[in-house]
Amino acid sequence: MLRTIGQYRDEKSGAIDLDSFKIIYVAPMKALVQEQVQQFSARLAPLGIRVAELTGDSQMTKQQISETQVIVTTPEKWDVITRKNSDTSYTNLVRLLIVDEIHLLHDDRGPVVESILSRTIRRMDQTHEDVRVVGLSATLPNYKDVAAFLRVDPKKGLFYFDASYRPCPLKQQFIGVTEKKAIKRFQIMNEVCYEKVLDQVTQDNPVMVFVHSRKETAKTAKFLRDLALEREQQTQFISPNGASRAILEEESAKVQDSSLKDLLAFGFGIHHAGMNRADRAVTEELFAERHIKVLVCTATLAWGVNLPAHAVIIKGTQIYNPEKGRWSELSPQDVLQMLGRAGRPQYDQYGEGIIISNHTELQYYTSLLNQQLPIESQFVSKLVDNLNAEIVLGSIRNRDEAVQWLAYTYL
């Protein structure tokens with residue numbers, strides 16, 4: 001980003017030509033967009049660079065876009081903007097496109113990411129105006145394939161960091177539950193989860209427990225709290241200093257979410273996208289400052305907020321898929337993203353990742369985490385929509401151009 005800005009800086013005066021370039025940073029979630037806007041704004045403000053958020057929640061006028069140099073957006077929003085042929089005044093000024101979490105190519109939203117990248121690369125070849133494209137990912141086993149799709153020179157532009165670069169090594173543990181009956185299996189998973197959480201908090205280690213629905217965050221946290229009360233082990237979950245207890249009681253009186261209000265005083269927190277921003281921020285802060293030892297959350301926290309813990313427990317690996325109307329396994333990217341929260345470089349020598357799953361799925365997750373499955377294109381599922389979009393845009397006018405366009409995708 002600084003390198004691109006530096007190209008528009010006058011060496012003698014130090015002035016930056018703010019009207020000559022745009023930098024687009026594409027992040028997969030609104031929560032992540034907001035976090036990046038805050039970080040970039042603070043860092044780039046001394047240079048006079050303006051950073052703004054462009055998502056479904058936060059619109060920008062043409063005037064605001066023209067005055068902004070760094071736009072942080074979601075794949076869907078940037079796709080909509082680049083599909084419009086009517087106003088290319090600011091899309092023509094884009095000199096750097098950064099796509100965070102590029103392994104989303106394998107996800108249901110992968111076709112959107114693929115379409116904005118292929119559109120950018122094809123347009124670059126047609127207009128001969130260079131746009132630097134940067135893809136970032138922490139979970140990309142077949143990185144050479146994605147690099148080829150992005151037209152990266154493997155000798156100069158490809159950077160791969162293996163597990164040895166991880167600031168904290170990760171200890172992995174897999175627990176398979178063999179019980180067939182759903183209710184009994186659920187009970188066993190909760191009890192195993194409690195034992196693992198207790199094991200961590202007795203060593204004064206903060207723990208994140210990932211569950212897979214908003215309602216499940218409060219249900220699991222309440223189960224853990226009730227079992228602690230039943231076994232008279234509740235003192236293990238609250239920091240021994242009196243200040244923490246006072247802070248938790250004070251904050252629990254302020255929060256809006258009734259479940260969170262109920263849990264905070266016992267040293268448990270919950271976090272999901274359905275809570276208001278103030279409640280989420282309080283929970284993150286209390287966990288970061290070690291007043292809460294146990295945080296039960298959904299995957300949005302893994303993707304959206306940089307909040308590490310010593311141990312991460314993934315309770316269950318099935319998530320309900322409303323499109324298919326049935327339960328399906330968590331995506332490899334989600335699992336790796338959650339485990340990526342384990343280990344705090346400033347405190348820990350290593351992080352711990354614990355997966356509690358059905359016994360039948362254990363083989364899948366052990367092979368996934370040790371060999372990793374390749375990131376493949378999902379573009380075929382949305383091929384017709386994207387082809388029509390390019391025809392409307394005017395970038396495809398006949399069959400030959402359609403074939404040429406396909407060559408720019410990751411298919």
Side-chain angles (χ1 to χ4, degrees), residues 103 106-107 138-139 141 163 166 168-203 205-228 230-231 233 268 294-299 301-303 309-321 324-343 348 350-374:
H103 52 258
H106 197 86
D107 192 77
T139 52
R166 189 188 162 96
C168 284
L170 182 66
K171 281 188 178 178
Q172 294 171 10
Q173 199 177 342
F174 300 88
I175 299 163
V177 177
T178 52
E179 177 59 53
K180 295 280 188 288
K181 291 177 183 170
I183 294 172
K184 192 100 184 284
R185 185 173 66 235
F186 200 69
Q187 179 75 11
I188 291 168
M189 277 190 181
N190 275 338
E191 286 171 7
V192 169
C193 183
Y194 178 80
E195 296 300 336
K196 293 296 170 189
V197 167
L198 184 65
D199 184 35
Q200 294 295 334
V201 295
T202 48
Q203 299 171 56
N205 290 331
V207 194
M208 271 186 197
V209 180
F210 281 103
V211 294
H212 313 304
S213 74
R214 295 174 182 185
K215 194 186 282 185
E216 192 56 43
T217 55
K219 274 174 74 175
T220 299
K222 285 174 180 172
F223 175 89
L224 296 174
R225 179 202 60 188
D226 293 346
L227 198 54
E230 187 186 311
R231 297 183 182 180
Q233 293 170 322
F268 293 89
V294 183
L295 182 56
V296 185
C297 47
T298 55
L301 190 68
W303 288 91
H310 170 77
V312 164
I313 298 172
I314 301 176
K315 186 179 81 91
T317 55
Q318 289 199 316
I319 188 162
Y320 187 72
N321 186 326
K324 294 176 183 170
R326 59 182 165 81
W327 293 86
S328 55
E329 286 300 311
L330 274 175
S331 77
Q333 289 73 42
D334 275 330
V335 172
L336 292 163
Q337 198 77 25
M338 291 176 206
L339 291 178
R341 290 283 165 260
D348 301 330
Y350 62 90
E352 293 183 62
I354 301 165
I355 296 179
I356 305 170
S357 174
N358 294 347
H359 195 268
T360 49
E361 305 304 332
L362 273 194
Q363 184 66 43
Y364 169 70
Y365 285 103
T366 48
S367 66
L368 156 71
L369 293 169
N370 294 320
Q371 297 156 26
Q372 294 198 7
L373 302 173

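Residue indices begin at 1 and follow the sequence shown. Keep in mind the model is a prediction, meaning the values are calculated, not measured.
Between I314 and L339, some side-chain heavy-atom pair lies under the 4.5 Å cut-off. Between E195 and E191 there is no side-chain heavy-atom pair separated by less than 4.5 Å. Proximity of N358 to T317: side-chain heavy atoms (C-beta onward) are nowhere separated by under 4.5 Å. Contact check for K196 versus Q173: side-chain heavy atoms found under the 4.5 Å cut-off.
Donor-acceptor pairing under 3.5 Å is recorded for the side chains of E352 and Q200.
In this structure, K315 is positioned above the aromatic face of F186, its NZ or CZ under 6.0 Å from the six-membered ring centre and within 45° of the axis.
Considering OG1 of T217 and NZ of K222, their distance stands at 9.0 Å, rounded to 0.5 Å. Taken from CE in M338 to OG1 in T298, the straight-line distance is 8.5 Å, to the nearest 0.5 Å. To the nearest 0.5 Å, the span separating CD on Q187 from CZ on F223 amounts to 4.5 Å. Atom CG of N190 is separated from atom CG of D226 by 11.0 Å, given to the nearest 0.5 angstrom. Note that the CG atom of D199 and the OH atom of Y194 stand 11.5 Å from one another [nearest 0.5 Å].
The side-chain contact (heavy atoms from CB on, under 4.5 Å) test with V177 is passed by exactly one of M189, K184, H359: M189.
Residues L224 and F268 come closest through the heavy atom pair CB-CE2, 3.7 Å. Here the closest heavy-atom approach between residue A309 and residue P206 is recorded as CB-O, 3.7 Å. Between V312 and A342 the shortest heavy-atom distance is CG2-N, 3.6 Å. Across every non-hydrogen atom of V197 and V209, the tightest pair is CG2-CG2, 3.8 Å. Among all heavy-atom pairs drawn from V296 and A221, the shortest one is CG2-CB, 3.8 Å. The two residues I319 and H212 make their nearest non-hydrogen contact at CG1-O, 3.9 Å.
Around NZ of K219, the count of heavy atoms belonging to other residues, nucleotides or ligands within 6.0 Å does not exceed 12.
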